[in-house]
Participant: 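Take a look at this one; I'll ask things after.
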Amino acid sequence: MKLERLVNIDRRIVYLCIAVGTTLPLLLPIGLPVSSTPPVRSLFEKVESLGPEDVVLLSFDYGPTTAPENTPMAEAILRHCFTRGIKVVVIALFPIGGVTMAGEVLANITPEYPQLQEGVDYAFLGYKDGAQAAMKQMGVAFVNVFPVDNGRRPLGEIPLMQRVVNYDDVDLIVTLSTNVIAEWWANLVNAQFGTPVAVGATAVSAPKYYAFLDSGQMIGLLGGLKGASEYERLVIDRYPHFARLYDRPGVYTAIKGMDAQTVDHAIIMAFILFGNTVHFLIRRRDRRAGLRDA
Amino acid sequence: MFWKLRLPLALTFIVGLVPIVTFFLSTQAPVIGPAVQFARDRVERYMVIIAGFALLLGVVSVVQGSVRKIERRRPGWPFAASLLAGLVVMGAFGILSAMRVGPFQGLLTAPDGGMTPFFWMTRNLFNPLQAAMFSLLAFYIASAAFRAFRVRNVEATILLIAAFIVMAGRTPLGEYAFGWLPGGERWLPAVTDWIMTVPNAAAQRGVIIGAALGAASLSLRVILGIERSYLGTTEK
Amino acid sequence: MSQLIGVWVAAFLTLCIFSFLSRDNPFFRFAESLFAGVSLGYYIGIVAVNTLVPNLINPLFGDFGANAHLLIPLLLGLNLYTRFIPRIAWLARISLAVYIAYYIGINMVQKIQGEIVPQVGSTILHPIGGVMTPVDNLILIVGVLAVLIYFYFSIEHRGAVGAVSRLGVWFLMLGFGAAFGYTVMGRVSLLIGRMNFLFIDLVRITGQVF
Amino acid sequence: MGRGEWTRRLAAGAAAAGLLHLCLAQRAAAADAAASWYDPQRVGAPLVVLLVFSALVLYFIHASRRGRALYIRRIAGIQAIEEAVGRATELGRKVLYLTGAGSIDDNQTIASLAVLRHVAGLTARYAVDLDVPGRDPLAFSAARETVQEAYLQAGRPDLFRSDTVHYVTYDQFAYTAAVTGIMVREKPAANFLIGAFQAESLLLAETGQSTGAIQIAGTAEVTQLPFFAVVCDYTLMGEELYAAGAYLSNEPAMLGSIKGQDFTKAVLILVILVGVLLEILGVHAIKDFMAIAG
């Protein structure tokens, strides 16, 4: 009888374990080891090879629903670029909240770099409807798509944008994407203009981008929280001063998120194993009881 | 009887064939080209408008139901009141924005770039409620996995093993599992990828082909007037 | 200040929803009914501003002559409301019939062109070969055929057909298990997002104001 | 001209057009003149499949109407419908029926309405409460017509109340919250989750499971099938969902259409087998033909 009770435990016990397993790692980082995979390392090394003369185009192609996965990628890449003095042009092509995400990430990161000047070291051009058309037009000139930046300043008045005319002046495109927009960056922009493209994708869509990596249409791939945490780890290992930043309790990072993911997965798997063990014990007991009765 | 049953059925037959026939025709075709163009461009827009009108039917049903509940003081009537309050406030902001009355210029962003009341409600009431409800899935997926994944028979065991491998392979757990063997940390992630791209794809493809045939067959039944449950009418 | 009130309202409603995990309670019921009301109001706004105004009202009031054809959907839309007049309630069925018929026709060709043909076409492969191992294609072909046999309604599933159909079920189970396991990560991410909001963002924003 | 004659002629016409088209398609490819009538991107394999399929379905509808007996195997989920309503009668609790997330532009919703028609007939006959909360406004309207007519047919129009089919909201998760509330508070004895479902599938099915309801699900959404299959008592998968209404109606014409679609399936299986055989021999004719429209 006792065994039956174990199989049918109150589902709220499972809920409680998941709640704790998600919250605790966010508040008290465990710091599970993170090993990096080649697609993440290749993006990291690409950024490492760039310097203050170079320009990265960072496109926010996701909305609030996938922010837990995409935002840490954006933050780690932006910090990496700013630390190396790389110039960054930020745009948003995702209709539902892309520009909000971009604004929030910039507002979060730029105070860490008081020496940077908006318009000189980075530019925030805002959102444009119709991603595919916008991508093609930016190959001609950014100003065709974004006549003014997000603060309504004409592009001609922005020093950085005076020398960044089109993709020819961009050394790397990074798209943080929740859906098909990443494919367009590879199929339209990389194929036509040759600018290297890297993608930070959600875990759900990451597998289909392996084909793009193999064909060389993408030079790097961060898949979901796992990929984001790998990038964070690489940045921290190369620039140790980030460790302090990433360990602060009030900051959400992919490393913490990945801890929570791993713990939750472990909890679920443990419950499955537990359920099956008890199930097996019940069956053995019943079989023995059956033999006795017979 | 003719008007109530035969007219809708005749319309169904004619309107249903239009997209099928025009699908294969060219908009460049002589004589019928403009008609093909019309069917492709305009009709779709018409349908969107009809669907727009339908929403009010639902609103009427909700208001009637809630008012009845409040009037008769049925159990839980205060909740019907909070429903109506939410509906009236949010709906009013929406309609005023559509009519561009007074300060309600624009639905989500005011002309000065600030937040409209509609947007404030969306961001601080509507979106958090959506996200909270959506995130309950993390709890439910765990309890469903615990209860359902048992070694009962061959089918259930296959289900369990596949789920288990993929769950492990998607996190660092998969790397730890065989990490002590040379190259072992790649094993489970590789098996996960293989399951997703080969057997899983085969199963999905089989389901999709079958379901598409079923859907096409249903279409044909509706166009021919054999299936008409949705009209609420039978011939008997 | 508006932001501060906003995040606390959001946090309160989030907790109301989470309280459902323990049991049904008045807080959840309140959040649930408010949610239903606000969401319906939201779609009233969206439909009015994004659909009816640009597609119907503006064209009709702007240039009636050029857009008179829009009276067709207008009438079909208004016709839905005859339901409230018992004597002519059946008229509403005409609008439903037209709407259903159009999409049922579209769906028929789209299912064939967009699903059956390409999915069958991409199953016609040389059995030796594959993305990851040399037998992938063979497994894929066998799997698709077995699942199709499982869905075969006209033969009893016994003997050889029964065996193949059982194999089809195994493929389905493998696929379902994998898809289930695969989805866990995305769902946990959503929860992480909410916990992050409750424990990190809420504290930070409150701290910034005071 | 009788109805049977009419379908027979249509079937013969479709078959003839299919053959004619096969010949024409070869020429059309060569001669550009034909392209002004056809849309060259769309004719080819899709049109052939459409015509073969229509011809087979029409032929079997005709044959079935002429009295030819057609065997259709048992489908467990369909058999369980009556049992579920019976249980609600015994327990004196209501039956909850959801038509899914789709509008009536989705064939799954139409298929669901056909099943609803049958379920409503049963609840009217057994005088059990039926509750159909609506999400899409048009599907809600159609469901109301369907249920009202079913009650009329069963001779119990008195049992149909205006809140039997009632509207909730269009939003995915607001609707889900409201329906889970109904499940927990009113504890329906049977839950039908039939139609197009999205991420809410598991929220609904798990809540229903926790209240002890017998649950019959049905969907063609590949991404949601796993959750229904794991949690619900019976699941109508893909093609079974579309067949359910026809199966339940037991009308010869309906059953004939299922037979026709089964034969098309046999043809497609043959096409795959022959195609694979030709691939082995290095002939790509069939693959190329199917790939035209890709």
Side-chain angles (χ1 to χ4, degrees), chain A residues 7-19 21-22 32-35 37 63-65 67-68 96-97 99-100 150-152 203-204 206-208 210-211 223-226 229-230 258-280 282-283, chain B residues 108-109 112-113 115 119 122-123 126-128 130-131 134-153 156-157 159-177 179 184-186 188-190 192-198 200-201:
Chain A
V7 173
N8 299 314
I9 54 166
D10 194 327
R11 64 186 74 210
R12 283 175 290 191
I13 294 175
V14 182
Y15 297 163
L16 188 68
C17 292
I18 294 293
T22 314
L32 291 173
V34 178
S35 60
T37 51
T65 43
I96 313 157
V99 71
T100 319
N150 200 51
R152 310 241 152 236
V204 176
K208 70 176 170 208
Y210 280 100
L225 268 179
K226 175 93 167 42
S229 67
E230 290 175 28
M258 202 56 217
D259 285 353
Q261 277 285 3
T262 310
V263 171
D264 280 344
H265 276 73
I267 290 173
I268 296 174
M269 291 164 74
F271 267 111
I272 294 174
L273 286 178
F274 168 74
N276 278 291
T277 312
V278 179
H279 179 73
F280 175 73
I282 291 177
R283 277 223 308 223
Chain B
L108 292 174
T109 30
D112 63 352
M115 268 192 207
F119 185 65
T122 303
R123 197 177 158 105
F126 186 43
N127 290 346
Q130 282 179 312
F134 201 176
S135 72
L136 289 186
L137 274 170
F139 299 104
Y140 285 30
I141 209 169
S143 79
F146 166 63
R147 221 186 39 256
F149 291 155
R150 297 274 158 81
V151 182
R152 287 198 192 92
N153 50 35
T157 310
L159 190 79
L160 184 153
I161 292 173
F164 214 77
I165 292 175
V166 173
M167 265 190 253
R170 301 263 291 150
T171 57
L173 294 172
E175 292 170 22
Y176 305 148
E185 74 274 359
R186 298 300 308 150
L188 270 181
T192 299
D193 280 353
W194 182 80
I195 292 178
M196 292 307 292
T197 47
V198 182
N200 174 58

Participant: Using the six-membered ring wherever Trp is involved, compare the ring planes of B:Phe146 and A:Phe274 and label them parallel, tilted or perpendicular (cut-offs 30° and 60°).
Facilitator: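 Ring orientation, 0 to 90° scale: parallel.
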
Participant: Please look at B:Arg152 and chain A and tell me whether the side chain, the backbone, both or neither of the residue comes under 4.5 angstrom of a heavy atom of that chain.
Facilitator: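 Interface part for B:Arg152: both.
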
Participant: Side chain, backbone, both or neither: which part of B:Ala142 has a non-hydrogen atom closer than 4.5 Å to chain A?
Facilitator: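 Contact with chain A: backbone and side chain both.
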
Participant: Can you say whether A:Thr277 sits under 4.5 Å from chain B via the side chain, the backbone, both, or neither, judging by heavy atoms?
Facilitator: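 Contact with chain B: none, neither part.
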
Participant: Is it the backbone or the side chain of B:Ala168 that comes under 4.5 Å from a heavy atom of chain A, or both, or neither?
Facilitator: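 B:Ala168 touches chain A through backbone and side-chain heavy atoms alike.
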
Participant: Who pairs with B:Ser143 by side chain to side chain donor-acceptor pair (under 3.5 Å), at least two apart in sequence or on another chain?
Facilitator: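 Checked B:Ser143 against side chain to side chain donor-acceptor pair (under 3.5 Å); matches are D:Glu206.
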
Participant: Under 4.5 Å from any heavy atom of chain B, what part of A:Thr37 do you find: side chain, backbone, both or neither?
Facilitator: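 Only the side chain of A:Thr37 comes within 4.5 Å of chain B.
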
Participant: Measure distances from B:Leu160 to the heavy atoms of chain A and classify the residue's part below 4.5 Å as side chain, backbone, both or neither.
Facilitator: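 Only the side chain of B:Leu160 comes within 4.5 Å of chain A.
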
Participant: Nearest heavy-atom pair of B:Arg123 and B:Pro128: which atoms, and what distance?
Facilitator: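 Distance-wise, the nearest heavy atoms are O-CD, 3.1 Å.
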
Participant: Counting only non-hydrogen atoms closer than 4.5 Å, does B:Phe134 touch chain A with its backbone (N, CA, C, O), its side chain (CB onward), both, or neither?
Facilitator: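 Neither part, no heavy atoms under 4.5 Å.
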
Participant: Go through the structure and list residues passing salt bridge (Lys or Arg N to Asp or Glu O under 4.0 Å) with A:Arg12, not counting sequence neighbours.
Facilitator: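 Scan of A:Arg12 (salt bridge (Lys or Arg N to Asp or Glu O under 4.0 Å), adjacent residues dropped) gives A:Asp10.
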
Participant: With a 4.5 angstrom heavy-atom cut-off, is it the side chain or the backbone of A:His279 that approaches chain B, or both, or neither?
Facilitator: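 Just its side chain gets close to chain B.
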
